[in-house]
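Here's the structure, in structure tokens; my notes come after.
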Amino acid sequence: MRVLYVSTELHPALKTGGLADVNAGLPPALRAQGADVRLLLPAFPALRAAAQAPRRRIALGAMLGCPDVGLLPCRLGAVPTWLIDAPAYYDRPGNPYLDASGADWPDNALRFALLGAVAARFADGGIGRWRPHVVHGHDWHAGLAPAYLAARGGARPASVFTVHNLSYQGHFAAESFDDLGLPAHFFAIDGVEYHGGVNFMKAGLHFADRITTVSPTYAAEIQTADYGCGMEGVLHARAGALLGILNGIDTRVWDPAQDPALAAPFTRAAPAGKRACRAALLAAAGLAGDAAGPVLGVVSRLTAQKGLDLLRAAVAPLLAADGRVVLLGSGDAGEEAAWQALARAHPGTVAVRVGYDETYAHRIFAGADAVAVPSRFEPCGLTQMYAMLYGALPLVRRTGGLADTVSDGPDGTGFVFDAAELPALQAALARLLQSWAEPARWQAMQARAMGADFGWARAARRYLALYRELRPQADPPPTPA
Ligand code: ADP
Ligand code: GLC
């Protein structure tokens with residue numbers, strides 16, 4: 001089974017969110033189960049710098065307004081990879097989607113159309129004599145890959161399109177369609193058109209042979225107006241082709257027994273090291289060390305999605321119980337400033353670090369007693385799984401992958417609330433404090449959380465089964481003479 005895995009980010013070289021973690025974890029898990037999965041990524045400077053064993057450039061010529069496009073075969077994280085060498089589009093430092101001022105690059109339509117168009121070039125088998133059975137694209141950046149494949153007609157690889165976050169869609173003005181090189185009739189409701197513009201997410205949802213998203217609950221949610229971000233109609237119409245497959249996490253990167261970032265190792269069977277991690281975290285965060293209450297950690301992008309404005313308004317009872325809050329995050333300037341103000345108002349008990357810091361993130365999961373993910377929506381969410389593995393009990397909203405990974409109640413692994421409203425979060429936090437007051441109960445929950453199996457093998461089996469269903473289409477029977 002040959003699979004071309006098409007995306008934009010890859011942990012640890014280039015990461016803006018959980019997509020990078022998924023791209024680093026899933027392909028090796030699929031390869032371990034026998035699939036010949038190879039990556040196709042833009043040659044952003046950080047990815048190019050991380051490329052191992054580079055081989056000779058394959059010239060593709062001019063494409064989509066870029067004069068000299070090529071492919072750089074290499075390995076990234078032990079997975080065979082082609083980086084798309086298109087300096088005019090990709091040789092830009094920093095965030096792959098935004099310029100230094102935080103605005104979308106004005107030529108993003110062409111930059112990411114090129115990703116889809118190059119993916120479709122693999123269909124004829126001319127690249128390294130390797131023809132994929134399946135082209136598997138991720139999020140809007142790869143949304144045009146299924147469209148370019150469909151435009152070829154005839155025998156072609158099957159396409160799978162995975163939605164990691166429906167709220168980022170790649171929506172562009174109608175005029176950009178003229179530059180994409182797609183058949184004119186694709187600019188239609190039954191195509192890439194959406195509210196008069198070109199929408200890459202819609203293209204993926206419409207043209208892919210199968211759509212997946214990163215949790216079963218999110219797969220159901222996005223067919224409703226509350227969560228569909230305007231795509232609920234398309235998704236509902238394609239419900240028969242839509243499947244939710246829960247993400248895994250990379251237990252090579254996330255393992256408290258051998259995590260170099262931690263003050264002390266620990267395991268479910270020997271959890272004592274977590275005490276040292278907790279003390280080290282409070283010290284590193286500049287907080288008073290003798291906390292009798294729970295240490296609540298947050299590692300997150302600070303956007304409306306994550307619901308951290310609700311948490312800000314709910315922490316008083318935690319602090320009154322001699323708890324601590326340690327937050328690491330970046331994003332909306334207003335949310336950053338509000339958290340910083342909260343820390344100033346509570347010196348010694350609330351610590352806020354604005355920025356991105358992978359090592360500190362590991363230390364928070366290891367040192368925290370609980371981790372909050374009160375998201376308004378959450379396609380999957382990885383941090384609640386990292387938290388559980390590191391013995392920090394998750395406090396989450398019942399939505400998307402949070403609903404599919406955290407259980408509440410007598411045999412629970414965390415604290416789950418329903419409404420995205422302050423009273424619901426306050427009630428869950430009150431239950432957390434009650435459980436904290438009963439150490440035996442807390443430790444039993446901790447042991448259950450740490451015992452969960454979130455490795456990638458299960459998800460890889462599901463994706464592989466999906467690819468196998470599609471394979472007959474990718475391998476058409478020979479036409480009779
Ligand atoms: P999303 O992709 O929506 O941001 P996920 O939970 O899927 O949410 O993934 C977030 C990833 O980014 C996790 O690996 C998390 O640890 C990491 N992360 C988020 N914010 C920060 C930060 N400020 N510093 C370090 N890592 C962060
Ligand atoms: C997106 C989602 C997040 C998910 C991640 C990886 O960034 O916001 O919930 O875990 O993709 O699939």
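Residue numbers count from 1 along this sequence. Read the numbers this way: they start at 1 and go in the same order the structure lists the ligands and their atoms.
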Using distance alone, decide if ligand 1 has a nitrogen or oxygen within less than 3.5 Å of any nitrogen or oxygen in [X].
X: Trp254; answer: no
X: Leu382; answer: yes
X: Gly17; answer: no

Check for a donor-acceptor pair, side chain of Arg111 on one end and backbone N or O of Pro96 on the other, with a separation under 3.5 Å.
yes

So for ligand 2, is Gln305 a polar contact partner (N or O within less than 3.5 Å, distance only)?
yes

Check for me whether Arg353 meets the cation-pi criterion with Tyr360, that is, NZ or CZ under 6.0 Å from the six-membered ring centre and within 45 degrees of the ring axis.
yes

More than 12 foreign heavy atoms under 6.0 Å from CZ of Arg275: is that the case here?
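Counting other residues, nucleotides and ligands, CZ of Arg275 stays at 12 neighbours or fewer.
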
With heavy atoms only and a cut-off of under 4.0 Å, state how Asn247 meets ligand 2: side chain, backbone, both or neither.
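Within the 4.0 Å criterion, Asn247 contacts ligand 2 through side-chain atoms alone.
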
Note: ligand 1 atoms sitting under 4.0 Å from heavy atoms of Arg301 are 1 (P), 3 (O), 4 (O), 20 (N)

So, applying salt bridge (charged side-chain N to carboxylate O under 4.0 Å, His left out) with Glu378, which one of Arg397, Lys306, Arg398 is it?
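Only one of Arg397, Lys306, Arg398 forms a salt bridge (charged side-chain N to carboxylate O under 4.0 Å, His left out) with Glu378, namely Lys306.
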
List, one per line, each side-chain donor-acceptor pair under 3.5 Å for residues 212-220, sequence neighbours excluded.
residue : atom : partner : partner atom : Å
Thr212  : OG1  : Thr162  : OG1          : 2.6
Thr213  : OG1  : Val163  : O            : 2.7
Ser215  : OG   : Tyr218  : N            : 3.1
Ser215  : OG   : Pro379  : O            : 2.7
Ser215  : OG   : Gly401  : N            : 3.2
Thr217  : OG1  : Asp404  : OD1          : 2.5
Thr217  : OG1  : Asp404  : OD2          : 3.2
Tyr218  : OH   : Leu166  : N            : 3.1

Residue-ligand contact Gly17/ligand 2, heavy atom below 4.0 Å
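It does not; every heavy atom stays at 4.0 Å or beyond.
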
